[in-house]
2 protein chains.
Amino acid sequence: MRLSAYGEYACLAMVDLSQNYGKGPLKIKDIAEREQIPQKFLEQILLTLKRAGYLQSKRGFHGGYELSRAPKQITVAEIVRFTDGAVAPVASVSSHFYAHSPSEKNAALTGLFKEVRDMVSTKLEGTTFADLII
Amino acid sequence: MRLSAYGEYACLAMVDLSQNYGKGPLKIKDIAEREQIPQKFLEQILLTLKRAGYLQSKRGFHGGYELSRAPKQITVAEIVRFTDGAVAPVASVSSHFYAHSPSEKNAALTGLFKEVRDMVSTKLEGTTFADLII
DNA sequence: ATATTGTCGATTAACTTAGTAGAGAAGTCG
DNA sequence: CGACTTCTCTACTAAGTTAATCGACAATAT
């Protein structure tokens with residue numbers, strides 16, 4: 001797993017939205033300023049998170065974005081997989097995004113990479129955005 | 001950590017060379033065939049691994065490549081870091097390839113990513129190519 | 001000599017990344 | 001209504017990375 005800037009920004013935004021869960025919608029502009037995210041880039045990110053069902057939005061004067069589920073109900077693994085795909089180190093050991101890859105040629109190597117995948121996915125599936133609220 | 005084809009091929013080749021450690025040099029062509037790696041691509045990979053000190057080579061009729069250290073003395077972490085860089089999920093928590101990244105804005109997120117980095121690097125630093133010989 | 005094998009630099013096509021630009025649609029308020 | 005605000009959506013792009021391939025050169029063995 002290697003997070004892109006897109007993925008890192010998405011996680012930051014989700015943490016920000018989690019910290020303000022239940023307090024009404026947050027404006028893109030405010031999240032962008034607080035988290036130092038290029039606003040136009042953040043617009044795209046929030047929109048795709050909305051389309052994926054993680055966020056709700058409202059337009060107009062009192063508009064903004066808010067989580068559609070409680071922070072406790074959203075794992076970091078979900079968001080990472082949504083923004084950056086596989087958590088696994090190589091495609092051939094990915095459970096959610098399997099594809100052929102060279103490592104398949106060797107069972108020992110495949111075993112090692114599966115162990116890595118399991119450690120990472122267990123950690124990220126066991127962490128929700130509620131756990132990231134200070 | 002996400003391995004490129006380059007990195008996966010490098011690991012496969014290192015396992016192949018480990019399995020034949022002490023039996024004289026192996027030809028690029030033979031490794032390429034056994035591991036199904038494009039030969040010209042493998043040439044590049046082995047050459048950079050040689051320049052990094054992991055391999056020795058000989059040209060000519062009985063030429064080829066062999067490990068310069070015993071498989072037990074080479075960790076998977078070294079090779080992965082050499083071919084694909086950071087083992088960490090984001091640059092800002094990488095110990096070997098630190099760079100600024102968006103996650104730094106949030107301590108909880110940074111903490112989580114450090115835990116992931118530690119799990120992965122501990123695993124890969126604790127695994128040598130001797131462990132991957134069947 | 002000749003065949004064999006590694007060495008090396010350049011090139012490339014396709015893809016991904018990290019944004020930016022700008023117009024449009026929906027909601028609020030006076 | 002009309003102005004303003006905020007989200008929505010598509011398109012575009014510049015730069016970098018990836019996964020190779022090509023062809024010439026250098027060393028070695030027989």
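Scope of the values below: all heavy atoms of this structure, side chains included, with no hydrogens, waters or symmetry mates. Naming convention: chains lettered A, B, ... in sequence-line order (proteins, then strands); numbering from 1 in each chain.
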Mind listing the residues from residues 18-38 of chain A sitting with a heavy atom below 4.0 Å of DNA chain D? Number order is fine.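 Within residues 18-38 of chain A, the residues near DNA chain D are A:Leu26, A:Lys27, A:Ile28.
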Please state how far atom [atom1] in [X] lies from atom [atom2] in [N], giving the value in whole angstrom units.
X       : N      : atom1 : atom2 : result
A:Tyr9  : C:dT17 : OH    : P     : 14 Å
A:Phe41 : D:dT8  : CZ    : P     : 17 Å
A:Ile45 : C:dG19 : CD1   : C1'   : 10 Å
A:Glu43 : D:dT8  : CD    : P     : 9 Å
A:Lys40 : D:dC9  : NZ    : P     : 13 Å
A:Leu42 : D:dT8  : CG    : C1'   : 14 Å
B:Leu17 : C:dG6  : CG    : P     : 11 Å
A:Glu8  : C:dG19 : CD    : P     : 11 Å

Donor-acceptor pair between [X] and [Y] side chains, under 3.5 angstrom:
X        : Y        : value
A:Tyr9   : B:Ser103 : no
A:Ser101 : B:Glu8   : yes
A:Tyr98  : A:His96  : no
B:Ser57  : B:Lys50  : yes

5′-ward residue of the pair B:Leu47/A:Arg2 relative to DNA chain C: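 Between the two, 5'-proximity favours B:Leu47.
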Closest to the A:Ser57 side chain: D:dC7, C:dT28, C:dA18?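 Nucleotide nearest to A:Ser57's side chain: D:dC7.
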Of the listed nucleotides C:dG19, D:dC9, C:dC8, the one nearest the side chain of A:Gln44: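 Ranking C:dG19, D:dC9, C:dC8 by closest atom to the A:Gln44 side chain puts C:dG19 first.
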Applying side chain to side chain contact (heavy atoms under 4.5 Å, CB included), run through B:Val15 and B:Leu132 and close with a yes or a no. CA-CA 7 Å; B:Val15 172; B:Leu132 299 180; 4.0 Å; yes
Base, sugar-phosphate or nothing for A:Arg51? Non-hydrogen atoms, less than 4.0 Å.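 Touches sugar-phosphate only.
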Between A:Tyr6 and A:Phe41, does the ring centroid distance fall short of 6.0 Å?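 Yes.
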Would you indicate, yes or no, if D:dT8 has its OP1 or OP2 atom less than 4.0 angstrom from a side-chain nitrogen or oxygen of A:Lys50?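 Yes, A:Lys50 has a side-chain N/O under 4.0 Å of OP1/OP2 on D:dT8.
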5'-most contact on DNA chain D: B:Gly63 or B:Asp84, nearest heavy atom basis?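 It is B:Asp84 whose nearest nucleotide is closer to the 5' end.
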Does A:Gln39 make a side-chain donor-acceptor contact with the base of D:dT6, cut-off 3.5 Å?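 It does not, because no donor-acceptor pair links the side chain of A:Gln39 to the base of D:dT6 below 3.5 Å.
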Verdict with supporting geometry, B:Glu125 and B:Thr75, side-chain hydrogen bond (donor to acceptor under 3.5 Å, both in side chains): CA-CA 6 Å; B:Glu125 281 162 13; B:Thr75 69; over 6 Å; no
